[in-house]
> 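Here it is, the structure, as structure tokens.
Within every chain, numbering begins at 1; the chains are lettered A, B, ... in the order of the sequence lines, protein sequences first and strands thereafter.
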Amino acid sequence: MADSQENIKHQVWQIVNAIPQGSVATYGQVARLAGAPQHSRLVGRILSQLPRSTRLPWHRVINSQGKISNPNPKRQQDRLEQEGIVVLRGRISLKQYQWQTD
DNA sequence: TGTTTGACGGACA
DNA sequence: CTGTCCGCCAAAC
């Protein structure tokens with residue numbers, strides 16, 4: 001079907017919504033959990049299309065290097081620090097905050 | 001229809 | 001640590 005990608009979008013929303021407060025996940029991690037490895041970029045695009053009013057914790061998604069990829073890093077960093085996550089020099093310790101799923 | 005772009009990821013120097 | 005390169009993929013040109 002042509003909506004296989006539409007389903008992935010809903011999967012991504014559900015997964016991101018499940019990231020615990022105080023934890024982070026990577027784009028690749030979300031893509032894998034959504035059953036779509038190789039689609040990490042798609043995850044980024046989906047999050048970029050969220051309305052500013054969304055309640056989804058999109059700020060808990062960072063890249064595999066532990067860095068913020070969001071074009072507006074300031075906003076994301078504020079949100080992360082607001083829930084106790086330490087962001088040092090634009091970096092976050094995955095070792096310490098990554099959502100353990102498998 | 002070919003090329004570029006982007007909130008990615010991993011390997012490597 | 002930083003920068004480069006390449007694989008991947010859908011959307012926008």
> Distance check needed: B:dG6 P versus A:Asn63 CG, whole Å only.
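The answer, rounded to whole Å, is 16 Å.
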
> Whole Å only: how far is the CG atom of A:Asn70 from the P atom of B:dG6?
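Answer to the nearest Å: 14 Å.
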
> For A:Val61 and A:Gln76, work out which heavy atoms get closest and say how close.
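For A:Val61 and A:Gln76, the tightest heavy-atom pair comes out as O-NE2, 3.0 Å.
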
> Of all residues at least two apart in sequence or in a different chain, which pass the side-chain hydrogen bond (donor to acceptor under 3.5 Å, both in side chains) check with A:Gln11?
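Not a single residue meets the side-chain hydrogen bond (donor to acceptor under 3.5 Å, both in side chains) criterion with A:Gln11.
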
> Rounded to whole Å, how long is the line connecting atom CD of A:Gln77 with atom P of B:dA7?
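From A:Gln77 CD to B:dA7 P: 18 Å.
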
> Evaluate the criterion side chain to side chain contact (heavy atoms under 4.5 Å, CB included) for residue pair A:Tyr97 and A:Val87; output intermediate values, then yes/no.
CA-CA 11 Å; A:Tyr97 299 108; A:Val87 182; over 6 Å; no

> So, A:His59 versus A:Glu83: side-chain donor-acceptor pair below 3.5 Å or not?
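There is such a pair between these side chains.
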
> Check the distance between B:dG9's P and A:Ile62's CD1 and give it to me in whole angstrom.
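Going from CD1 in A:Ile62 over to P in B:dG9 covers 9 Å.
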
> Specify the separation, in whole Å, of atom CZ of A:Arg52 and atom C1' of B:dA7.
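These atoms are roughly 14 Å apart.
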
> Take the protein atom CD of A:Gln65 and the nucleotide atom C1' of C:dT2, then report the distance between them rounded to whole Å.
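Atom-to-atom, A:Gln65 to C:dT2, this comes out as 12 Å.
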
> Expressed in whole Å, how much space separates the P atoms belonging to C:dG7 and B:dA7?
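One P to the other, the span is 22 Å.
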
> Testing the basics here: between A:Ser64 and A:Thr26, what is the closest heavy-atom pair and its distance to 0.1 Å?
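In terms of heavy atoms, the two residues are closest at CA-CG2, 4.0 Å.
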
> Generate the contact string for nucleotides 6-13 of chain C. Rules: B means base contact, S means sugar-phosphate contact only, - means no protein heavy atom under 4.0 Å.
-BBSBS--

> In residues 16-25 of chain A, what residues come within less than 4.0 Å of DNA chain C, judged by heavy atoms?
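Listed by number, there are none.
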
> Could you state the CD1-P distance from A:Ile15 to B:dA7, rounded to the nearest angstrom?
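About 21 Å, once rounded to whole Å.
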
> Using whole Å, what does the distance between atom C1' of nucleotide B:dG9 and atom CG of A:Leu94 come to?
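Checked: the CG to C1' distance equals 12 Å.
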
> Classify the nucleic acid contact of A:Ser64 as base, sugar-phosphate or nothing, counting any heavy atom under 4.0 Å across all strands shown.
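Sugar-phosphate contact only.
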
> Please tell me which of A:Leu50 and A:Arg32 maps to the more 5' nucleotide of DNA chain B, matching each residue to the nucleotide holding its nearest heavy atom.
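Residue closer to the 5' terminus by nearest nucleotide: A:Leu50.
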
> Does some side-chain heavy atom of A:Arg52 sit less than 4.5 Å from a side-chain heavy atom of A:Arg75?
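They are in contact (side-chain heavy atoms under 4.5 Å apart), so the answer is yes.
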
> Give me the atom names and distance for the closest heavy-atom approach of A:Asn63 to A:Ser69.
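Smallest interatomic distance, heavy atoms only, reads ND2-OG, 3.0 Å.
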
> Without swapping roles, check the side chain of A:Gln29 against the backbone of A:Trp99 for a donor-acceptor pair under 3.5 Å.
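Such a contact is found between A:Gln29 side chain and A:Trp99 backbone.
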
> Quick one: does A:Glu81's side chain get under 4.5 Å of A:Val86's, heavy atoms only?
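With C-beta onward as the side chain, the pair stays apart.
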
